[in-house]
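This report refers to the structure that appears directly beneath it.
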2 protein chains.
Amino acid sequence: MASQSKEDYIKVLYKLEQENKVVSTNDIASFLKMKASSVSDMLKKLAMEEYIDYTKYKGAKLTKKGVSKALSIIRKHRLWETFLVNHLKFKWDQVHDIAEQLEHIDSDQLIDKLDHFLNYPKSDPHGDPIPGKNGEIINLGHTPLNELNLMDNGSIAAIKKGTPSFLQYMDKLGIELGTKIKVIDKIEFDKSLEIKIHNKSIHLSQEVAQNILIKI
Amino acid sequence: MASQSKEDYIKVLYKLEQENKVVSTNDIASFLKMKASSVSDMLKKLAMEEYIDYTKYKGAKLTKKGVSKALSIIRKHRLWETFLVNHLKFKWDQVHDIAEQLEHIDSDQLIDKLDHFLNYPKSDPHGDPIPGKNGEIINLGHTPLNELNLMDNGSIAAIKKGTPSFLQYMDKLGIELGTKIKVIDKIEFDKSLEIKIHNKSIHLSQEVAQNILIKI
DNA sequence: TTAAATATTTAGCCGTGTCTAAAAATTTAT
DNA sequence: ATAAATTTTTAGACACGGCTAAATATTTAA
Ligand SMILES: [Mn+2]
Ligand SMILES: [Mn+2]
Ligand SMILES: [Mn+2]
Ligand SMILES: [Mn+2]
């Protein structure tokens, strides 16, 4: 199997590909807090093992094999997060680092049984979809809160930015998955907005609103 | 924290110390299937980090710090095994290798919560005691089956040798934790014995009987 | 008590995954 | 179209945790 380190690279490649088409050495380096030279070395190895297509100076892109590897790691990560929150009673802001370790445990049978134990969850505690055993991933068609129109209604479907501090801010605002919201004002000036939630009105910066995904 | 590799050495040191007083390089090497030279290198490092007392050519012995580290790894290993069997429905012969990986996950909070979730089990699926949070380990005072006297009664308390093939043999014999047994014959010649179990009489070699621990 | 056998350590090598510094390629600005 | 800035790769180093072969210490047997 791919080493823990390689698995982390593959996961980052996948994440960054969602945003761009092709991923640059520097992007990976800054995401992983490593030096570009280290990334460059590793890209060569990943290309050799056919996890990525890579042309020097031109960036990298996951192959079929790479995507499928990425999805299997993400699947494991999100299933473990679900276990940690639903059964061990962790808070949603506490599970990421632990799942970051657990995702590397190598046993298909373990994941099958964990999935069964959890009752085949479709999404994790942050609302992110859990890829299926064969890499099927459901696009849940959510909309970033800042893209809603005035007076639109919806419910919180997922939190995009999963850092502890962002999640803790969500807690403070009373935002959790399923919470109903309504857009009651959009401030043109700074793209911030006012929403009604739990019958109270709160103000959110664009930065924050972008990271809250809504089911309309 | 100590690397995965170092943790495995420490665990082996602990295990081998149960049998001998001081542990030799070769013992560790053959247990870990590594070369003595590699072990020799590692012992130097473990001594440097004060996990062991080590005098060249004289063997190694865990320090207080080393024992406490060993117990914490064993605690994790056995709690995870308990989870795998009791909740994920693994068989007792399937969990060792997975726990071998899980035992290295680094999070005190995780283990506390797992322990709570499992309802503070005292022993694992093989009957081995689970060390407490502070390293307390209960000696359950079990007797190897081969040391029982003729006509002694008892129940299966633990299986010492946890290899899949040995455990599968136990399954075939109908031996599980709690099963009642009675010694109905002891063969002087080869130290084998005949026991009554589930109302049937079966014959066990000394080698096998040694690895079955009994609560009288 | 010496010699042979065995156990252990040392020396030197290798793959992995990181780093720094320097070179080279690409992109951006003039 | 150059030159400057930026990005990326290469070169060379290092720590880790393995290995083989050779040296050395210890134990066992003559
Ligand atoms: Mn990870
Ligand atoms: Mn998540
Ligand atoms: Mn292990
Ligand atoms: Mn066990």
Side-chain angles (χ1 to χ4, degrees), chain A residues 1-14 16-17 19-62 66 69-70 73 100-101 103-106, chain B residues 1-14 16-17 19-62 66 69-70 73 100-101 103-106:
Chain A
M1 284 300 102
S3 66
Q4 191 148 324
S5 191
K6 280 175 187 162
E7 291 193 344
D8 284 338
Y9 275 91
I10 289 168
K11 224 174 26 147
V12 171
L13 260 303
Y14 183 86
L16 295 178
E17 274 183 25
E19 292 150 29
N20 310 285
K21 196 86 258 157
V22 105
V23 181
S24 80
T25 303
N26 261 357
D27 285 354
I28 298 170
S30 68
F31 202 94
L32 287 178
K33 295 179 163 96
M34 289 203 277
K35 299 302 165 180
S37 54
S38 309
V39 173
S40 203
D41 282 351
M42 185 57 94
L43 291 181
K44 249 177 293 182
K45 294 178 198 165
L46 291 174
M48 209 109 70
E49 294 173 51
E50 296 184 297
Y51 286 115
I52 60 174
D53 289 324
Y54 170 54
T55 325
K56 280 203 293 200
Y57 295 102
K58 294 300 177 191
K61 191 170 181 311
L62 290 169
K69 184 71 183 175
I73 304 163
E100 202 59 41
Q101 299 180 61
E103 72 190 0
H104 303 290
I105 301 290
D106 180 26
Chain B
M1 285 303 100
S3 65
Q4 191 148 323
S5 191
K6 279 173 186 161
E7 291 192 346
D8 286 338
Y9 275 91
I10 289 168
K11 225 174 27 146
V12 171
L13 261 304
Y14 183 86
L16 296 178
E17 273 183 25
E19 293 149 30
N20 310 287
K21 195 87 258 158
V22 108
V23 180
S24 79
T25 302
N26 260 358
D27 285 354
I28 299 171
S30 69
F31 202 93
L32 288 177
K33 295 177 162 96
M34 289 201 277
K35 300 301 165 180
S37 54
S38 309
V39 173
S40 203
D41 282 351
M42 186 58 93
L43 290 181
K44 248 177 292 182
K45 295 178 198 166
L46 291 175
M48 209 108 69
E49 295 172 51
E50 297 184 296
Y51 286 114
I52 60 174
D53 289 323
Y54 170 55
T55 324
K56 280 203 292 200
Y57 295 102
K58 294 300 179 191
K61 191 169 179 314
L62 290 169
K69 183 72 182 176
I73 305 163
E100 202 58 42
Q101 299 181 61
E103 72 191 359
H104 304 291
I105 301 289
D106 179 27

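Order of the sequence lines sets the chain letters (A, B, ...), proteins ahead of strands, with each chain counted from 1.
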(request) Look at the side chain of A:K56 and decide which nucleotide, out of D:dT8, C:dT8, D:dT10, has an atom nearest to it. (result)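 Selected nucleotide: D:dT10.
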
Just the rounded figure in Å: distance from [atom2] of [N] to [atom1] of [X].
X     : N      : atom1 : atom2 : result
B:D27 : C:dT9  : CG    : P     : 12 Å
B:I28 : C:dA7  : CD1   : P     : 15 Å
B:K44 : C:dT8  : NZ    : P     : 14 Å
B:L32 : D:dG17 : CG    : P     : 13 Å
B:M48 : D:dG17 : CE    : C1'   : 14 Å

(message) OP1 or OP2 of C:dT8 versus the side-chain N and O atoms of B:N26: is any pair under 4.0 Å?
(response)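 Answer is yes, contact under 4.0 Å.
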
(message) With a 3.5 Å distance limit and no angle check, can you tell me whether B:E17 reaches the backbone of B:L62 through a side-chain donor-acceptor pair?
(response)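 Flag set: sc B:E17 to bb B:L62 pair under 3.5 Å.
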
(request) Look at the side chain of B:Q101 and the backbone N and O of A:D106, then say whether any donor-acceptor pair between them is shorter than 3.5 Å. (result)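 Yes, because the side chain of B:Q101 sits within donor-acceptor range (under 3.5 Å) of the backbone of A:D106.
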
(request) Sugar-phosphate atoms are those with a prime plus P, OP1 and OP2; base atoms are the rest. Using that split, label each nucleotide of nucleotides 14-25 of chain C B, S or - for protein heavy atoms under 4.0 Å, 5' to 3'. (result) ---BBBBB---S

Using distance only, find each side-chain donor-acceptor pair of residues 44-51 of chain B under 3.5 Å and give its atom names and separation, not counting sequence neighbours.
unit_1	atom_1	unit_2	atom_2	d
B:E49	OE2	B:K6	NZ	2.7

(request) Would you check if B:D53 and B:K58 make a side-chain contact, meaning some heavy-atom pair closer than 4.5 Å? (result)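 They are not in contact (no side-chain heavy atoms under 4.5 Å apart), so the answer is no.
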
(request) For A:G66 and A:I10, work out which heavy atoms get closest and say how close. (result)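 That would be O-CG2, 3.6 Å.
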
Exercise answer: donor-acceptor pairs, residues 31-43 of chain A side-chain atoms, under 3.5 Å, sequence neighbours excluded:
none

